[in-house]
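Counting convention: from 1, in listed order, for ligands and their atoms alike. Values below: every heavy atom of this structure, side chains too, minus hydrogens, waters and symmetry copies.
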Amino acid sequence: MFLKSRKLGILGVGNMGQAIIKALIDSGTFAASRIHFSNRSSGKIEKVKRLYDINAHTTNEELVDNSDILIIAVKPQDLEEAVEPCRSSFRKDQIIISLAAGVEFKLLRRLIPEGHLTRVMLNTPVFVRKGVVGFLSENDLYEEPLRELLSPLGAVIKLEDGDPFEAFTVASSSGTGFIFELMSYWQDWIEEHGISTEEARQIVVQTFLGTAAMAEASQETFEELQNKVTSKKGMTAAGLESMRSLEIEGLMRMSFSKAAQRYRELGRS
Ligand SMILES: NC(=O)c1ccc[n+]([C@@H]2O[C@H](COP(=O)([O-])OP(=O)(O)OC[C@H]3O[C@@H](n4cnc5c(N)ncnc54)[C@H](OP(=O)(O)O)[C@@H]3O)[C@@H](O)[C@H]2O)c1
């Protein structure tokens, strides 16, 4: 209900901005007539207007004036330049959502003096509306509308600041990259056994999709589900024994830690 009477602004309509616009229109969460946007390059303004029939604004200040909820979807390095001219336009009753990876509340508050601030982290499967979206708010005031707004993009998780937010970012955003790495190994092995590239790809995609769908449909733990496909002394058991003796878990944990370390370094810079 809250969203039905509000105007949504998207500041920056690159990859993420457009993925959000598309998901909100396709899901019926927002009518195009209530979505407003601005963008740095004029070429993209024309293209986005043509594609989605939403309201274009030529300045970010004008966009802020016309938004009840504002999603800032510029790269972190462009954030200051994008919002600095709007300082006096922000209002107390606005919900301001920043997608900028690694930009903390302290800096956001310095740039945006008024409004309810929320940080959102999303992963690339949001492009097919199967993402996982983490949010972090200054308080719980708008939790329900935020969930409603973000849910067309995928699963929505409320997070605490600090370690949980960092772990979420690594596991979901870098995690997508890690899973593609595993999918490549799978595909290479299948191809080496005489199956075409196209079919090997199909086998991998379907195995990952099917496994995830089974997990989604079940209340059982991953271990319980795994036990169902693993008969004692069978072939899966032999493969798993090898994975465990090679300490794949330890190697994966090292990759997670490396990504987390880089996340902190990028945040500092
Ligand atoms: N892409 C991902 O997979 C991903 C994942 C997680 C988080 N994020 C976060 O999402 C945000 C957006 O990323 P993205 O991949 O969508 O970036 P992007 O494709 O580069 O889009 C950013 C858009 O912002 C516009 N812009 C830059 N400065 C502006 C200004 N001063 N005023 C108005 N518009 C301005 C750019 O305009 P022009 O380029 O047309 O000039 C561009 O269209 C980033 O903060 C990123 O950290 C992205």
Which of the atoms of ligand 1 are close to [X], meaning less than 4.0 Å from one of its heavy atoms?
| X | answer |
| --- | --- |
| L11 | 32 (N), 33 (C) |
| A82 | 30 (C), 31 (N) |
| A100 | 45 (O) |
| K44 | 38 (P), 39 (O), 40 (O), 42 (C), 43 (O) |
| L122 | 5 (C), 6 (C), 7 (C) |

### Task
Return the orientation label for the F208 and W186 ring planes: parallel under 30°, perpendicular over 60°, tilted otherwise.
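Rings of F208 and W186: perpendicular, over 60°.
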Polar side-chain atom of [X] near backbone of [Y] as donor-acceptor pair, under 3.5 Å:
| X | Y | answer |
| --- | --- | --- |
| T176 | S172 | yes |
| S151 | E148 | yes |
| Q94 | V64 | yes |

### Among R109, K92, R91, salt bridge (Lys or Arg N to Asp or Glu O under 4.0 Å) partner for E114
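Result for salt bridge (Lys or Arg N to Asp or Glu O under 4.0 Å) with E114: K92.
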Closest non-hydrogen protein atom to [atom], residue and atom name please, with distance?
| atom | value |
| --- | --- |
| atom 19 (O) of ligand 1 | N15 N, 3.0 Å |
| atom 46 (C) of ligand 1 | L99 O, 4.0 Å |
| atom 23 (C) of ligand 1 | G14 N, 3.7 Å |
| atom 36 (C) of ligand 1 | N39 OD1, 3.6 Å |
| atom 15 (O) of ligand 1 | K75 NZ, 3.4 Å |
| atom 11 (C) of ligand 1 | V74 O, 3.6 Å |
| atom 40 (O) of ligand 1 | S41 OG, 2.5 Å |

### Query
Would S173 count as a contact of ligand 1 if the rule is a heavy atom under 4.0 Å away?
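No, S173 has no heavy atom closer than 4.0 Å to ligand 1.
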### Task
Look at atom 22 (C) of ligand 1 and find which of A101, G12, A73 reaches it with the closest heavy atom.
A73
How does [X] reach ligand 1, by side chain, by backbone, by both or by neither, if only non-hydrogen atoms under 4.0 Å count?
| X | result |
| --- | --- |
| N60 | side chain |
| T124 | side chain |
| R40 | both |

### Query
Around atom CD of E198, are there more than 12 heavy atoms of other residues, nucleotides or ligands at under 6.0 Å?
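Counting neighbours around CD of E198, 12 or fewer heavy atoms of other residues, nucleotides or ligands fall under 6.0 Å, so no.
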### Query
In this structure, are over 12 heavy atoms from other groups packed under 6.0 Å from D53 atom CG?
no
### Task
Check whether the side chains of E61 and S89 place a donor and an acceptor atom closer than 3.5 Å, and report yes or no.
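Distance-only check fails for E61 and S89.
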### Query
Strictly by modelled atom types, are S173 and N123 linked by a side-chain donor-acceptor pair under 3.5 Å?
no
### Task
Could you say whether the N/O atoms of M16 and ligand 1 ever approach to under 3.5 Å?
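There is such a contact, yes.
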### Query
N/O of S38 under 3.5 Å from N/O of ligand 1, yes or no?
no
### Query
Which atoms form the tightest heavy-atom contact between R119 and F165, and what is the distance?
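The answer is NH2-CE2, 3.3 Å.
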### Query
At their closest point, which heavy atom of F168 faces which heavy atom of V133, and how far apart are they?
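Closest pair (atom of F168, atom of V133, distance): CZ-C, 3.7 Å.
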### Query
Are the aromatic rings of F256 and F178 close, with centres under 6.0 Å apart?
yes
